[in-house]
There are 2 protein chains.
Amino acid sequence: MVTESRGDLTDPNCPTRVVLDRIGDKWTVLVVTLLADGPLRFTRLRTGIGGVAPKVLTQTLRALERDGLLTRTVHPEIPPKVTYELTELGRSLRTPITAIADWSERNVGRILAARAEADEFSTARQSR
Amino acid sequence: MVTESRGDLTDPNCPTRVVLDRIGDKWTVLVVTLLADGPLRFTRLRTGIGGVAPKVLTQTLRALERDGLLTRTVHPEIPPKVTYELTELGRSLRTPITAIADWSERNVGRILAARAEADEFSTARQSR
DNA sequence: CTGAATCCCCTTGGATACTG
DNA sequence: CAGTATCCAAGGGGATTCAG
């Protein structure tokens, strides 16, 4: 039995920590988003993302499968065909992802502006 | 001028990518949550988190400051006193964080269950 | 008290080549 | 087509020590 430690972000078993560790990596959100409209094949995901090493994509997909967020289906054909599809749980994950995306699109400008200003300032300081 | 590339998660400049890179790290969400109720001092954050190396906490705080999510105020006193406080932007970040936390608390059980089952299965395979 | 300075490790991610 | 097998680089994070 796993303690879920509701409000305690200090605990590494904190639910939010677990989920952030999952969606915080480089490709997970992208994969979930691509699969939102229906199942896709490995190569389709690969080209849809652009610039992912096959090893890394496999890692990402296996991790998502392990956590019950998608299913991997092998179709016994020649040539091989494998499709990935979000589970109900995986589809529900789009809700918080959308929340992040919404906030991001509205506020990323401010973040980038602040960042640019801070960088400019430190650069200015260095040059005098 | 920075292109924001609204819907294109493929682009590394994608807003969602930028924000995930920020909140996806180990301590940012925790810091923002701790600061939700008002400004805190360095040591208070440190003990409030538990087990963060000072270097890492400093890194996290500086990164948040750089992105305009919090302010760092040095009070000219002996002994030194420095307080960290969320900006308006930083406070607004709590919205998507809450969305993640809500989803997590409701569904982390399923994730952990799926994970445990998958691990058990692979263990069983190895032992035969 | 608030960090800066060092040193170190491990994980994540990538490039490339190969296979059933 | 859908991966696996290797090798490798970068950096995020940590432990510890020291300083203003």
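The sequence lines fix the lettering, A, B, ..., with proteins before strands; numbering per chain opens at 1.
- As rounded to whole Å, 19 Å separates atom P of dT12(C) from atom CG of Leu30(A).
- In terms of phosphate contacts, Arg41(A) brings no side-chain nitrogen or oxygen within less than 4.0 Å of OP1 or OP2 of dC1(D).
- Rounding to whole angstrom units, CZ of residue Phe42(B) and C1' of dA19(D) are separated by 14 Å.
- The side chain of Pro80(B) approaches dT2(C) more closely than any other nucleotide in the set dT2(C), dA2(D), dA17(C).
- You'll find the side chain of Val31(A) reaches within 4.5 Å of the side chain of Ile49(A), heavy atoms only.
- No engagement by Arg44(A) is indicated, since no non-hydrogen atom pair under 4.0 Å with the nucleic acid exists.
- When atom types are taken as modelled, the side chain of Thr87(B) and the backbone of Leu69(B) share a donor-acceptor pair closer than 3.5 angstrom.
- The distance from atom CZ of Arg22(B) to atom P of dG11(D) is 15 Å, rounded to the nearest whole Å.
- Nucleotide dG3(C) holds its P atom 13 Å from the CD atom of Glu77(B), rounded to whole Å.
- If you measure from atom CG of Asp21(A) to atom P of dT11(C), you get 13 Å, rounded to the nearest angstrom.
- In this structure, Asp25(B) atom CG and dG14(D) atom P are separated by 10 Å, rounded to whole Å.
- To the nearest 0.5 angstrom, Asp67(B) atom CG is 12.0 Å from Asn107(A) atom CG.
- The shortest heavy-atom contact between Pro96(A) and Ile100(B) is CB-CA, 4.1 Å.
- For DNA chain C, the neighbouring residues in residues 55-64 of chain A, judged by any heavy atom under 4.0 Å, are Lys55(A), Val56(A).
- Atom NE2 of His75(B) and atom P of dT2(C) are 10 Å apart (whole Å).
- Whole-Å rounding puts the Lys26(A) NZ to dG13(C) P distance at 7 Å.
- In this structure a side-chain-to-backbone donor-acceptor pair under 3.5 Å is present from Trp103(B) to Ser92(A).
- Asp21(A) has a carboxylate O that lies under 4.0 Å from a charged side-chain N of Arg17(A), or vice versa, which qualifies the two as a salt bridge.
- Between Arg46(A) and the phosphate of dC1(D), there is no side-chain N or O to OP1/OP2 separation shorter than 4.0 Å.
- Arg115(A) has no carboxylate O lying under 4.0 Å from a charged side-chain N of Asp119(A), or vice versa, which leaves the two without a salt bridge.
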